[in-house]
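Note sheet for the following structure.
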Amino acid sequence: MTHHSIIGRLGPGDTVKVSASRADTHETEINFVDGEFRPGYGLGQALDQLCELGLRPSETAVDLALLAAAITAADTRISRAADAQDAWTREIDLHLPVHDVARWSGLASLIVTTLNFLTGDRWGVHFRPRAAGTRDLAPKPTRLRTTNPTTVCLFSGGLDSFIGTIDLLTRGEVPMLVSHYWDGITSTHQTYCAERLNRRFTGTTIHHIRARVGFPTDTVEHSTVEDTLRGRSFLFFALAVMAADAIGGNMVVQVPENGLISLNVPLDPLRIGALSTRTTHPFYMARFGDLLNGLGLSVRLENPYAFMTKGQMAKGCADVSFLRKEAKHTMSCSSPGSRRYDPDPNERTPKHCGRCVPCLIRRAAILEGLGADDTPYRVADLRAQVLDTNKAEGEHVRSFQLALSRLARKPGRARFDIHRPGPLIDHPSRLSDYEAVYVAGLQEVGRLLQGVRARPL
(Lines give C-alpha, C1' and ligand atoms only; values in the text may rest on other atoms or scores of the structure.)
Protein backbone atom coordinates (compact mmCIF):
# COMPACT_ATOMS: atom_id res chain seq x y z
CA MET A 1 0.00 0.00 0.00
CA THR A 2 1.21 3.52 -0.84
CA HIS A 3 0.05 6.63 0.97
CA HIS A 4 -0.31 9.60 -1.40
CA SER A 5 -0.18 13.37 -0.89
CA ILE A 6 -1.41 15.71 -3.61
CA ILE A 7 0.13 19.15 -3.10
CA GLY A 8 -1.63 21.92 -4.99
CA ARG A 9 0.36 24.95 -6.15
CA LEU A 10 -0.73 28.29 -7.56
CA GLY A 11 2.10 29.44 -9.76
CA PRO A 12 5.86 29.92 -9.27
CA GLY A 13 5.34 32.19 -6.26
CA ASP A 14 3.76 29.36 -4.29
CA THR A 15 6.93 27.90 -2.78
CA VAL A 16 5.92 27.35 0.85
CA LYS A 17 7.14 24.04 2.23
CA VAL A 18 4.28 21.66 2.92
CA SER A 19 4.62 19.27 5.85
CA ALA A 20 3.22 15.88 4.97
CA SER A 21 1.21 13.97 7.57
CA ARG A 22 3.38 10.89 7.02
CA ALA A 23 7.07 10.50 6.30
CA ASP A 24 6.48 7.60 3.91
CA THR A 25 3.94 9.38 1.71
CA HIS A 26 4.37 9.63 -2.07
CA GLU A 27 4.20 13.35 -2.88
CA THR A 28 2.80 14.73 -6.13
CA GLU A 29 2.82 18.46 -6.84
CA ILE A 30 0.25 19.91 -9.22
CA ASN A 31 0.37 23.53 -10.39
CA PHE A 32 -3.25 24.54 -10.94
CA VAL A 33 -2.51 27.75 -12.86
CA ASP A 34 -0.73 28.49 -16.12
CA GLY A 35 1.83 31.19 -16.93
CA GLU A 36 -0.84 33.90 -17.06
CA PHE A 37 -2.24 32.82 -13.69
CA ARG A 38 -5.26 31.26 -15.33
CA PRO A 39 -6.62 28.10 -13.66
CA GLY A 40 -5.78 25.07 -15.75
CA TYR A 41 -7.07 21.53 -16.25
CA GLY A 42 -10.43 22.79 -17.57
CA LEU A 43 -11.31 25.15 -14.71
CA GLY A 44 -10.16 28.18 -16.67
CA GLN A 45 -12.39 27.06 -19.52
CA ALA A 46 -15.46 27.24 -17.26
CA LEU A 47 -14.40 30.58 -15.75
CA ASP A 48 -13.83 32.09 -19.20
CA GLN A 49 -17.31 31.07 -20.33
CA LEU A 50 -18.86 32.67 -17.26
CA CYS A 51 -16.77 35.79 -17.81
CA GLU A 52 -18.03 36.05 -21.40
CA LEU A 53 -21.55 36.28 -19.95
CA GLY A 54 -20.50 39.03 -17.54
CA LEU A 55 -20.50 36.66 -14.56
CA ARG A 56 -17.86 36.28 -11.88
CA PRO A 57 -17.93 33.75 -9.01
CA SER A 58 -16.46 34.41 -5.59
CA GLU A 59 -12.98 33.16 -4.74
CA THR A 60 -14.59 30.77 -2.26
CA ALA A 61 -16.53 29.12 -5.10
CA VAL A 62 -13.34 28.97 -7.18
CA ASP A 63 -11.51 27.34 -4.27
CA LEU A 64 -14.28 24.73 -4.12
CA ALA A 65 -13.68 23.98 -7.81
CA LEU A 66 -9.93 23.73 -7.15
CA LEU A 67 -10.59 21.27 -4.34
CA ALA A 68 -12.80 19.29 -6.73
CA ALA A 69 -10.05 19.28 -9.36
CA ALA A 70 -7.52 17.99 -6.82
CA ILE A 71 -9.98 15.26 -5.82
CA THR A 72 -10.39 14.37 -9.50
CA ALA A 73 -6.62 14.16 -9.99
CA ALA A 74 -6.27 11.82 -7.03
CA ASP A 75 -9.36 9.77 -7.84
CA THR A 76 -8.44 9.16 -11.49
CA ARG A 77 -4.66 8.91 -11.27
CA ILE A 78 -4.03 6.86 -8.10
CA SER A 79 -4.59 3.17 -8.73
CA ARG A 80 -6.77 1.18 -6.34
CA ALA A 81 -5.26 -2.10 -7.50
CA ALA A 82 -1.64 -1.01 -7.09
CA ASP A 83 -1.80 1.48 -4.20
CA ALA A 84 -4.45 0.06 -1.84
CA GLN A 85 -3.83 -2.80 0.53
CA ASP A 86 -7.27 -4.27 -0.14
CA ALA A 87 -7.27 -3.28 -3.85
CA TRP A 88 -9.90 -0.66 -3.10
CA THR A 89 -9.34 1.71 -0.15
CA ARG A 90 -6.65 4.31 -0.90
CA GLU A 91 -5.10 6.71 1.60
CA ILE A 92 -4.84 10.22 0.17
CA ASP A 93 -4.00 13.63 1.61
CA LEU A 94 -4.74 16.88 -0.19
CA HIS A 95 -2.77 20.07 0.56
CA LEU A 96 -4.29 23.15 -1.03
CA PRO A 97 -3.87 26.96 -0.89
CA VAL A 98 -7.18 28.79 -0.37
CA HIS A 99 -8.46 32.35 -0.14
CA ASP A 100 -9.93 32.02 3.39
CA VAL A 101 -7.86 29.44 5.23
CA ALA A 102 -9.70 29.79 8.57
CA ARG A 103 -13.07 29.03 7.02
CA TRP A 104 -11.77 26.04 5.04
CA SER A 105 -9.78 24.59 7.95
CA GLY A 106 -12.88 24.69 10.11
CA LEU A 107 -14.66 22.51 7.55
CA ALA A 108 -11.88 19.93 7.12
CA SER A 109 -13.58 17.20 9.16
CA LEU A 110 -16.84 17.64 7.23
CA ILE A 111 -14.98 17.39 3.93
CA VAL A 112 -13.23 14.22 5.08
CA THR A 113 -16.55 12.66 6.10
CA THR A 114 -18.06 13.60 2.75
CA LEU A 115 -15.17 12.25 0.68
CA ASN A 116 -14.74 9.05 2.68
CA PHE A 117 -18.41 8.24 2.09
CA LEU A 118 -18.35 9.23 -1.58
CA THR A 119 -15.26 7.33 -2.72
CA GLY A 120 -14.67 4.67 -0.06
CA ASP A 121 -11.14 5.94 0.58
CA ARG A 122 -9.40 7.52 3.59
CA TRP A 123 -8.85 11.18 2.94
CA GLY A 124 -7.03 13.96 4.71
CA VAL A 125 -7.43 17.63 3.72
CA HIS A 126 -5.06 20.40 4.72
CA PHE A 127 -5.38 24.06 3.81
CA ARG A 128 -2.89 26.92 3.80
CA PRO A 129 -3.20 30.58 2.78
CA ARG A 130 -2.56 31.55 -0.81
CA ALA A 131 0.89 33.04 -1.30
CA ALA A 132 1.19 36.75 -0.49
CA GLY A 133 0.35 38.90 -3.49
CA THR A 134 -1.62 36.17 -5.26
CA ARG A 135 -4.32 37.77 -7.36
CA ASP A 136 -7.87 36.52 -7.69
CA LEU A 137 -8.37 33.46 -9.88
CA ALA A 138 -11.79 34.45 -11.23
CA PRO A 139 -11.32 36.85 -14.16
CA LYS A 140 -13.09 40.18 -13.95
CA PRO A 141 -15.68 40.58 -16.72
CA THR A 142 -15.01 43.32 -19.25
CA ARG A 143 -18.60 43.38 -20.50
CA LEU A 144 -22.02 43.82 -18.96
CA ARG A 145 -23.96 40.83 -17.74
CA THR A 146 -25.97 39.30 -20.58
CA THR A 147 -27.91 36.51 -18.88
CA ASN A 148 -30.23 35.98 -15.92
CA PRO A 149 -30.83 32.26 -15.46
CA THR A 150 -33.44 31.23 -12.92
CA THR A 151 -31.68 27.99 -12.01
CA VAL A 152 -28.62 25.86 -12.76
CA CYS A 153 -29.00 22.28 -13.99
CA LEU A 154 -26.44 19.50 -14.20
CA PHE A 155 -26.30 18.27 -17.79
CA SER A 156 -24.46 15.01 -18.29
CA GLY A 157 -25.83 14.10 -21.70
CA GLY A 158 -27.79 11.25 -20.11
CA LEU A 159 -31.51 10.55 -20.20
CA ASP A 160 -32.26 11.87 -16.69
CA SER A 161 -30.62 15.26 -17.20
CA PHE A 162 -32.29 15.57 -20.63
CA ILE A 163 -35.70 14.97 -19.04
CA GLY A 164 -34.89 17.34 -16.20
CA THR A 165 -33.97 20.12 -18.61
CA ILE A 166 -37.09 19.56 -20.75
CA ASP A 167 -39.26 19.83 -17.64
CA LEU A 168 -37.55 23.06 -16.55
CA LEU A 169 -37.87 24.69 -19.95
CA THR A 170 -41.49 23.62 -20.41
CA ARG A 171 -42.56 25.30 -17.19
CA GLY A 172 -40.84 28.55 -18.13
CA GLU A 173 -37.56 28.29 -16.23
CA VAL A 174 -34.37 29.66 -17.76
CA PRO A 175 -31.72 27.09 -16.81
CA MET A 176 -27.98 27.40 -17.16
CA LEU A 177 -26.69 23.95 -18.06
CA VAL A 178 -23.37 22.83 -16.61
CA SER A 179 -21.37 19.89 -17.96
CA HIS A 180 -17.94 18.40 -17.54
CA TYR A 181 -16.35 15.76 -19.71
CA TRP A 182 -13.02 14.13 -20.46
CA ASP A 183 -13.71 11.74 -23.32
CA GLY A 184 -15.06 12.59 -26.75
CA ILE A 185 -18.07 10.27 -26.43
CA THR A 186 -19.50 12.19 -23.48
CA SER A 187 -18.74 15.51 -25.14
CA THR A 188 -20.52 14.52 -28.36
CA HIS A 189 -23.73 13.54 -26.59
CA GLN A 190 -23.76 16.64 -24.39
CA THR A 191 -23.29 18.92 -27.40
CA TYR A 192 -25.93 17.20 -29.51
CA CYS A 193 -28.54 17.14 -26.73
CA ALA A 194 -27.97 20.82 -25.90
CA GLU A 195 -28.35 21.76 -29.56
CA ARG A 196 -31.62 19.84 -29.84
CA LEU A 197 -32.96 21.60 -26.76
CA ASN A 198 -32.04 24.98 -28.23
CA ARG A 199 -33.92 24.13 -31.43
CA ARG A 200 -36.96 22.89 -29.57
CA PHE A 201 -37.19 25.79 -27.10
CA THR A 202 -36.41 28.70 -29.40
CA GLY A 203 -37.98 31.28 -27.12
CA THR A 204 -35.41 30.69 -24.36
CA THR A 205 -31.69 31.33 -24.49
CA ILE A 206 -30.02 28.28 -22.98
CA HIS A 207 -26.46 28.93 -21.86
CA HIS A 208 -24.31 25.82 -21.58
CA ILE A 209 -21.12 25.93 -19.48
CA ARG A 210 -18.84 23.05 -20.44
CA ALA A 211 -15.43 22.17 -19.03
CA ARG A 212 -13.02 19.44 -20.10
CA VAL A 213 -11.53 18.60 -16.71
CA GLY A 214 -8.88 15.93 -16.46
CA PHE A 215 -5.23 15.17 -15.86
CA PRO A 216 -2.45 13.52 -17.88
CA THR A 217 -1.95 9.82 -17.25
CA ASP A 218 1.50 10.45 -15.76
CA THR A 219 0.30 13.05 -13.23
CA VAL A 220 1.04 10.68 -10.33
CA GLU A 221 4.38 9.01 -10.88
CA HIS A 222 4.54 5.20 -10.64
CA SER A 223 0.74 4.87 -10.57
CA THR A 224 -1.67 3.74 -13.27
CA VAL A 225 -4.96 5.22 -14.38
CA GLU A 226 -7.96 4.49 -12.15
CA ASP A 227 -11.35 4.19 -13.85
CA THR A 228 -13.78 3.61 -10.96
CA LEU A 229 -14.41 7.39 -10.81
CA ARG A 230 -16.22 7.40 -7.50
CA GLY A 231 -15.47 11.11 -6.91
CA ARG A 232 -16.79 12.49 -10.20
CA SER A 233 -19.93 14.10 -8.77
CA PHE A 234 -17.90 16.29 -6.41
CA LEU A 235 -16.44 17.94 -9.50
CA PHE A 236 -19.86 18.11 -11.18
CA PHE A 237 -21.44 19.73 -8.12
CA ALA A 238 -18.53 22.15 -7.63
CA LEU A 239 -18.66 23.41 -11.23
CA ALA A 240 -22.42 23.92 -10.96
CA VAL A 241 -22.02 25.74 -7.64
CA MET A 242 -19.38 28.00 -9.18
CA ALA A 243 -21.84 28.93 -11.94
CA ALA A 244 -24.70 29.41 -9.48
CA ASP A 245 -22.56 31.58 -7.23
CA ALA A 246 -21.60 33.74 -10.22
CA ILE A 247 -25.28 34.22 -11.10
CA GLY A 248 -26.03 35.29 -7.53
CA GLY A 249 -29.09 35.17 -5.35
CA ASN A 250 -30.34 32.08 -3.58
CA MET A 251 -29.72 29.86 -6.57
CA VAL A 252 -30.81 26.21 -6.79
CA VAL A 253 -28.67 23.62 -8.58
CA GLN A 254 -30.93 20.98 -10.09
CA VAL A 255 -29.54 17.43 -9.89
CA PRO A 256 -31.86 15.32 -12.11
CA GLU A 257 -31.37 11.70 -11.05
CA ASN A 258 -33.92 8.92 -10.66
CA GLY A 259 -34.39 7.49 -7.19
CA LEU A 260 -33.22 3.95 -7.97
CA ILE A 261 -29.82 5.11 -9.21
CA SER A 262 -29.60 7.77 -6.50
CA LEU A 263 -30.00 5.17 -3.74
CA ASN A 264 -28.03 2.57 -5.74
CA VAL A 265 -28.72 -0.30 -3.37
CA PRO A 266 -26.20 -3.11 -4.08
CA LEU A 267 -27.92 -5.81 -6.10
CA ASP A 268 -25.64 -8.47 -4.63
CA PRO A 269 -22.78 -8.61 -2.09
CA LEU A 270 -20.16 -8.15 -4.83
CA ARG A 271 -21.52 -4.71 -5.78
CA ILE A 272 -20.39 -2.88 -2.65
CA GLY A 273 -17.18 -1.58 -4.26
CA ALA A 274 -16.70 -0.18 -7.73
CA LEU A 275 -20.22 -0.99 -8.86
CA SER A 276 -22.08 0.74 -6.03
CA THR A 277 -21.51 4.46 -6.54
CA ARG A 278 -22.85 7.16 -4.25
CA THR A 279 -22.69 10.11 -6.62
CA THR A 280 -26.18 11.43 -5.76
CA HIS A 281 -26.91 9.47 -2.59
CA PRO A 282 -29.06 11.52 -0.16
CA PHE A 283 -26.45 11.35 2.62
CA TYR A 284 -23.70 12.62 0.31
CA MET A 285 -25.86 15.40 -1.11
CA ALA A 286 -26.81 16.50 2.39
CA ARG A 287 -23.16 16.67 3.45
CA PHE A 288 -22.29 18.65 0.33
CA GLY A 289 -25.10 21.01 1.27
CA ASP A 290 -23.60 21.37 4.76
CA LEU A 291 -20.30 22.27 3.12
CA LEU A 292 -21.95 24.99 1.02
CA ASN A 293 -23.59 26.42 4.13
CA GLY A 294 -20.28 26.39 5.97
CA LEU A 295 -18.60 28.21 3.11
CA GLY A 296 -21.29 30.88 3.13
CA LEU A 297 -22.40 30.12 -0.43
CA SER A 298 -26.08 30.85 -1.11
CA VAL A 299 -26.56 27.79 -3.29
CA ARG A 300 -28.74 24.75 -2.68
CA LEU A 301 -28.68 21.31 -4.33
CA GLU A 302 -32.02 19.74 -5.19
CA ASN A 303 -32.95 16.42 -6.79
CA PRO A 304 -36.58 16.81 -7.88
CA TYR A 305 -36.74 13.17 -8.98
CA ALA A 306 -35.42 11.54 -5.82
CA PHE A 307 -38.66 9.61 -5.33
CA MET A 308 -39.34 8.71 -8.95
CA THR A 309 -38.11 5.80 -11.05
CA LYS A 310 -36.50 6.47 -14.40
CA GLY A 311 -39.61 5.12 -16.11
CA GLN A 312 -41.81 7.48 -14.12
CA MET A 313 -39.54 10.34 -15.15
CA ALA A 314 -39.92 9.40 -18.82
CA LYS A 315 -43.69 8.88 -18.58
CA GLY A 316 -44.15 12.16 -16.72
CA CYS A 317 -41.89 14.21 -18.99
CA ALA A 318 -43.48 17.54 -19.90
CA ASP A 319 -42.82 16.93 -23.62
CA VAL A 320 -43.06 13.19 -24.21
CA SER A 321 -43.16 13.45 -28.00
CA PHE A 322 -39.89 15.39 -28.09
CA LEU A 323 -38.33 12.96 -25.61
CA ARG A 324 -39.48 9.97 -27.64
CA LYS A 325 -37.80 11.45 -30.73
CA GLU A 326 -34.49 12.31 -29.07
CA ALA A 327 -34.04 9.75 -26.27
CA LYS A 328 -31.81 7.54 -28.42
CA HIS A 329 -29.25 10.36 -28.63
CA THR A 330 -28.74 10.54 -24.85
CA MET A 331 -25.96 8.47 -23.28
CA SER A 332 -26.54 6.34 -20.18
CA CYS A 333 -24.00 3.52 -20.63
CA SER A 334 -21.13 3.04 -18.20
CA SER A 335 -18.79 1.81 -20.97
CA PRO A 336 -19.88 2.99 -24.44
CA GLY A 337 -16.34 2.77 -25.80
CA SER A 338 -15.60 -0.72 -24.52
CA ARG A 339 -15.22 -2.15 -28.04
CA ARG A 340 -12.94 0.56 -29.45
CA TYR A 341 -10.18 -2.02 -30.09
CA ASP A 342 -12.47 -4.67 -31.59
CA PRO A 343 -10.97 -6.44 -34.65
CA ASP A 344 -14.21 -5.75 -36.49
CA PRO A 345 -14.22 -2.04 -37.50
CA ASN A 346 -18.04 -2.05 -37.48
CA GLU A 347 -18.02 -2.86 -33.77
CA ARG A 348 -15.72 0.02 -32.76
CA THR A 349 -18.38 2.72 -32.98
CA PRO A 350 -19.28 3.90 -29.45
CA LYS A 351 -22.76 2.85 -28.40
CA HIS A 352 -24.73 1.64 -25.41
CA CYS A 353 -23.65 -1.85 -24.39
CA GLY A 354 -27.23 -2.70 -23.44
CA ARG A 355 -26.35 -5.00 -20.53
CA CYS A 356 -24.69 -2.87 -17.79
CA VAL A 357 -26.75 -1.65 -14.84
CA PRO A 358 -27.35 1.89 -16.24
CA CYS A 359 -28.30 0.43 -19.64
CA LEU A 360 -30.76 -2.06 -18.13
CA ILE A 361 -32.42 0.67 -16.05
CA ARG A 362 -32.53 2.88 -19.14
CA ARG A 363 -34.06 0.15 -21.35
CA ALA A 364 -36.68 -0.59 -18.72
CA ALA A 365 -37.50 3.11 -18.32
CA ILE A 366 -37.91 3.80 -22.03
CA LEU A 367 -40.20 0.80 -22.47
CA GLU A 368 -42.15 1.86 -19.37
CA GLY A 369 -42.46 5.52 -20.22
CA LEU A 370 -42.21 5.78 -24.00
CA GLY A 371 -43.42 2.39 -25.22
CA ALA A 372 -40.62 1.66 -27.67
CA ASP A 373 -36.84 1.96 -27.60
CA ASP A 374 -34.90 2.74 -30.79
CA THR A 375 -31.55 3.17 -29.04
CA PRO A 376 -28.79 1.10 -30.71
CA TYR A 377 -27.46 -1.47 -28.21
CA ARG A 378 -24.60 -3.94 -28.65
CA VAL A 379 -26.79 -6.57 -27.02
CA ALA A 380 -29.78 -5.69 -29.15
CA ASP A 381 -32.10 -8.46 -27.94
CA LEU A 382 -31.76 -9.68 -24.37
CA ARG A 383 -33.94 -12.70 -25.16
CA ALA A 384 -32.11 -13.88 -28.28
CA GLN A 385 -29.92 -16.32 -26.38
CA VAL A 386 -28.98 -17.54 -22.92
CA LEU A 387 -26.69 -14.86 -21.48
CA ASP A 388 -23.46 -16.07 -19.89
CA THR A 389 -23.33 -14.74 -16.32
CA ASN A 390 -19.57 -15.35 -16.23
CA LYS A 391 -19.21 -12.61 -18.84
CA ALA A 392 -20.28 -8.99 -19.01
CA GLU A 393 -23.21 -9.90 -21.28
CA GLY A 394 -25.10 -11.57 -18.44
CA GLU A 395 -23.43 -10.51 -15.19
CA HIS A 396 -25.68 -7.55 -14.39
CA VAL A 397 -28.82 -9.17 -15.74
CA ARG A 398 -28.27 -11.97 -13.27
CA SER A 399 -27.64 -9.49 -10.43
CA PHE A 400 -31.02 -7.88 -11.06
CA GLN A 401 -32.70 -11.27 -11.25
CA LEU A 402 -31.19 -12.30 -7.93
CA ALA A 403 -32.26 -9.02 -6.28
CA LEU A 404 -35.78 -9.43 -7.62
CA SER A 405 -36.04 -13.04 -6.46
CA ARG A 406 -34.87 -12.13 -2.95
CA LEU A 407 -37.39 -9.31 -2.80
CA ALA A 408 -40.19 -11.60 -4.01
CA ARG A 409 -39.38 -14.14 -1.29
CA LYS A 410 -39.18 -11.53 1.44
CA PRO A 411 -40.83 -8.20 0.45
CA GLY A 412 -40.19 -6.70 3.87
CA ARG A 413 -36.43 -6.68 3.33
CA ALA A 414 -36.75 -3.54 1.16
CA ARG A 415 -37.08 -1.33 4.25
CA PHE A 416 -33.68 -2.58 5.40
CA ASP A 417 -31.98 -2.79 1.98
CA ILE A 418 -32.38 0.94 1.32
CA HIS A 419 -29.95 1.67 4.18
CA ARG A 420 -27.17 -0.56 2.82
CA PRO A 421 -25.45 2.05 0.61
CA GLY A 422 -25.44 4.59 3.42
CA PRO A 423 -27.51 6.25 6.17
CA LEU A 424 -30.75 8.08 5.38
CA ILE A 425 -30.68 10.17 8.54
CA ASP A 426 -31.37 13.50 6.84
CA HIS A 427 -34.89 12.67 5.69
CA PRO A 428 -36.40 10.33 8.32
CA SER A 429 -39.97 11.17 7.29
CA ARG A 430 -39.29 9.99 3.71
CA LEU A 431 -38.12 6.45 4.49
CA SER A 432 -41.31 4.93 3.10
CA ASP A 433 -40.81 6.96 -0.10
CA TYR A 434 -37.25 5.70 -0.47
CA GLU A 435 -38.51 2.15 0.01
CA ALA A 436 -41.27 2.67 -2.55
CA VAL A 437 -39.00 4.04 -5.27
CA TYR A 438 -36.48 1.25 -4.69
CA VAL A 439 -39.13 -1.45 -5.05
CA ALA A 440 -40.79 0.26 -8.03
CA GLY A 441 -37.44 0.71 -9.76
CA LEU A 442 -36.54 -2.95 -9.36
CA GLN A 443 -39.96 -4.01 -10.58
CA GLU A 444 -39.54 -1.77 -13.62
CA VAL A 445 -36.35 -3.62 -14.57
CA GLY A 446 -38.06 -6.90 -13.73
CA ARG A 447 -40.66 -6.26 -16.44
CA LEU A 448 -37.85 -5.67 -18.94
CA LEU A 449 -36.19 -8.96 -17.97
CA GLN A 450 -39.27 -11.18 -18.21
CA GLY A 451 -38.26 -14.13 -20.35
CA VAL A 452 -34.55 -13.22 -20.30
CA ARG A 453 -32.36 -16.23 -19.48
CA ALA A 454 -29.01 -15.72 -17.75
CA ARG A 455 -26.94 -18.47 -16.17
CA PRO A 456 -23.40 -19.93 -16.16
CA LEU A 457 -22.65 -21.70 -19.42
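Quantities reported herein were computed from a predicted structural model and do not represent experimental measurements.
Of the possible donor and acceptor atoms, one in the side chain of Asp160 sits under 3.5 Å from a partner among the backbone N and O of Asn258. Asp183 places a side-chain N or O within 3.5 Å of a backbone atom of Ile185 that can act as its donor or acceptor partner. No donor-acceptor pair under 3.5 Å is formed between the side chain of Glu27 and the backbone N or O of His4. No side-chain donor-acceptor contact under 3.5 Å links Asp426 to the backbone of Ala286. Looking only at distances, a side-chain donor or acceptor of Thr134 sits under 3.5 Å from a matching main-chain atom of Ala131. Using modelled atom types, one side-chain atom of Ser156 and one backbone atom of Gly158 make a donor-acceptor pair closer than 3.5 Å. A donor-acceptor pair is defined here as one N or O able to donate and one able to accept, closer than 3.5 Å; such a pair exists between the side chain of Asp167 and the backbone of Ala318. One N or O on the side chain of Arg363 and one on the backbone of Gly354 form a donor-acceptor pair closer than 3.5 Å.
Rounding to the nearest 0.5 Å places CZ of Arg278 at 15.5 Å from CE of Met285. From Ser332, atom OG reaches atom NZ of Lys310 across 4.5 Å, with rounding to the nearest 0.5 Å. Rounded to the nearest 0.5 angstrom, Asp100 CG and Leu295 CG are separated by 9.0 Å. We find the SG-CG distance between Cys353 and Leu360 to be 7.5 Å, quoted to the nearest 0.5 Å. Note that CG of Leu267 and CG of Leu442 are 6.5 Å apart. Values are rounded to the nearest 0.5 Å. Interatomic distance, Ser262 OG to Phe307 CZ, rounded to the nearest 0.5 Å: 8.5 Å.
The heavy-atom pair separating Ala108 from Val125 by the smallest distance is O-CG2, 3.6 Å. Taking each heavy atom of Tyr434 and Leu263 in turn, the nearest pair found is O-CD1, 3.6 Å. Scanning all heavy atoms of the two residues, the minimum distance from Ala61 to Asp245 falls at CB-OD2, 3.5 Å. In terms of heavy atoms, Ala327 sits closest to Leu159 at CB-CD1, 4.0 Å. Minimum heavy-atom separation, Glu444 to Ala365: OE1-CA, 3.9 Å.
Between Tyr284 and Phe117, the ring center distance fails the sub-6.0 Å criterion.
Ile30 is listed as a side-chain neighbour of Thr28, based on a closest heavy-atom distance under 4.5 Å. Counting only heavy atoms from C-beta outward, the side chains of Gln254 and Leu168 approach each other to under 4.5 Å. Contact annotation: the side chain of Arg145 never approaches that of Leu53 to less than 4.5 Å [non-hydrogen atoms, C-beta and beyond]. The closest side-chain heavy-atom distance from Arg56 to Leu50 is not below 4.5 Å. Side chains of Ile111 and Phe127 form a contact here, defined as non-hydrogen atoms less than 4.5 Å apart. A 4.5 Å side-chain heavy-atom check between Asn264 and Thr277 finds at least one atom pair inside the cut-off.
For the 3.5 Å distance criterion, the side chains of Thr375 and His352 fail to qualify, holding no donor opposite an acceptor. Counting only N and O atoms by type, the side chains of Asp93 and Ser21 include a donor and acceptor under 3.5 Å apart. The closest side-chain donor-acceptor pair between Thr151 and Glu173, if any, does not fall under 3.5 angstrom.
The pair Glu393-Arg378 does not meet the salt-bridge criterion, since no charged nitrogen lies less than 4.0 angstrom from a carboxylate oxygen. A salt bridge between Arg355 and Glu395 is absent, with no side-chain N of the basic residue lying under 4.0 Å from a carboxylate O of the acidic one. Taking a cutoff of 4.0 Å between a charged side-chain nitrogen and a carboxylate oxygen, Arg232 and Asp75 do not qualify as a salt bridge. A salt bridge is defined here as a Lys NZ or Arg NE, NH1 or NH2 lying under 4.0 Å from an Asp or Glu carboxylate O, and Arg130 with Glu59 meets this definition. Ion pairing between Glu326 and Lys328 fails under the 4.0 Å rule for side-chain N and carboxylate O. With salt bridges taken as basic N to acidic carboxylate O contacts below 4.0 Å, none links Asp86 and Arg80. For the pair Arg103 and Asp63, the salt-bridge criterion is not met [side-chain N within less than 4.0 Å of a carboxylate O].
The environment of His95 atom NE2 is dense: over 12 non-hydrogen atoms of other residues, nucleotides or ligands sit within 6.0 angstrom. At most 12 heavy atoms of other shown residues, nucleotides or ligands fall within 6.0 angstrom of atom CZ in Arg122. Within a 6.0 Å radius of CD1 in Ile425, more than 12 heavy atoms belonging to other residues, nucleotides or ligands are found.
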Given Arg90 and Asp121, is the salt bridge (Lys or Arg N to Asp or Glu O under 4.0 Å) satisfied, shown in steps?
CA-CA 5 Å; Arg90 301 164 297 186; Asp121 300 301; 2.8 Å; yes
Between Phe237 and Leu291, is a side chain to side chain contact (heavy atoms under 4.5 Å, CB included) present by the stated rule, with each step listed?
CA-CA 12 Å; Phe237 288 179; Leu291 175 59; over 6 Å; no
Could you go step by step and tell me if Thr170 and Asp319 meet the side-chain hydrogen bond (donor to acceptor under 3.5 Å, both in side chains) rule?
CA-CA 8 Å; Thr170 303; Asp319 192 340; 5.4 Å; no
Please lay out, stage by stage, how Glu257 and Leu154 fare under the test side chain to side chain contact (heavy atoms under 4.5 Å, CB included).
CA-CA 10 Å; Glu257 183 80 275; Leu154 302 187; over 6 Å; no
Residues Thr280, Asn303; criterion side-chain hydrogen bond (donor to acceptor under 3.5 Å, both in side chains); working and verdict
CA-CA 8 Å; Thr280 58; Asn303 180 3; 5.1 Å; no
Begin from the C-alpha positions of Trp123 and Thr114 and carry the test side chain to side chain contact (heavy atoms under 4.5 Å, CB included) through to its verdict.
CA-CA 10 Å; Trp123 293 84; Thr114 305; over 6 Å; no
Applying side-chain hydrogen bond (donor to acceptor under 3.5 Å, both in side chains) to Thr279 and Ser233, what does each step give before you reach the verdict?
CA-CA 5 Å; Thr279 52; Ser233 69; 5.0 Å; no
Intermediate values then yes/no, side-chain hydrogen bond (donor to acceptor under 3.5 Å, both in side chains), Tyr192 and His329:
CA-CA 8 Å; Tyr192 178 89; His329 299 295; 3.3 Å; yes
Test Asp373 against Arg362 for salt bridge (Lys or Arg N to Asp or Glu O under 4.0 Å), laying out the working first.
CA-CA 10 Å; Asp373 187 359; Arg362 171 198 174 89; 5.1 Å; no
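The cationic atom of Arg210 (NZ for Lys, CZ for Arg) lies less than 6.0 Å from the six-membered ring centre of Tyr181 and within 45° of the ring axis. Cation-pi geometry between Arg287 and Phe283 is satisfied (NZ or CZ under 6.0 Å from the ring centre, within 45° of the ring normal).
Within the structure, ring pair (Phe, Tyr, Trp, His ring centres under 6.0 Å) pairs that include any residue of residues 135-177 comprise Phe155-His208, Phe162-Phe322 (at least two apart or interchain).
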Output a table of donor-acceptor pairs, distance under 3.5 Å, between side-chain atoms of residues 212-221 and any protein atom two or more places apart or on a different chain; print 'none' if there are none.
| unit_1 | atom_1 | unit_2 | atom_2 | d |
| --- | --- | --- | --- | --- |
| Arg212 | NE | Trp182 | O | 3.3 |
| Arg212 | NH2 | Trp182 | O | 3.4 |
| Thr219 | OG1 | Pro216 | O | 2.7 |

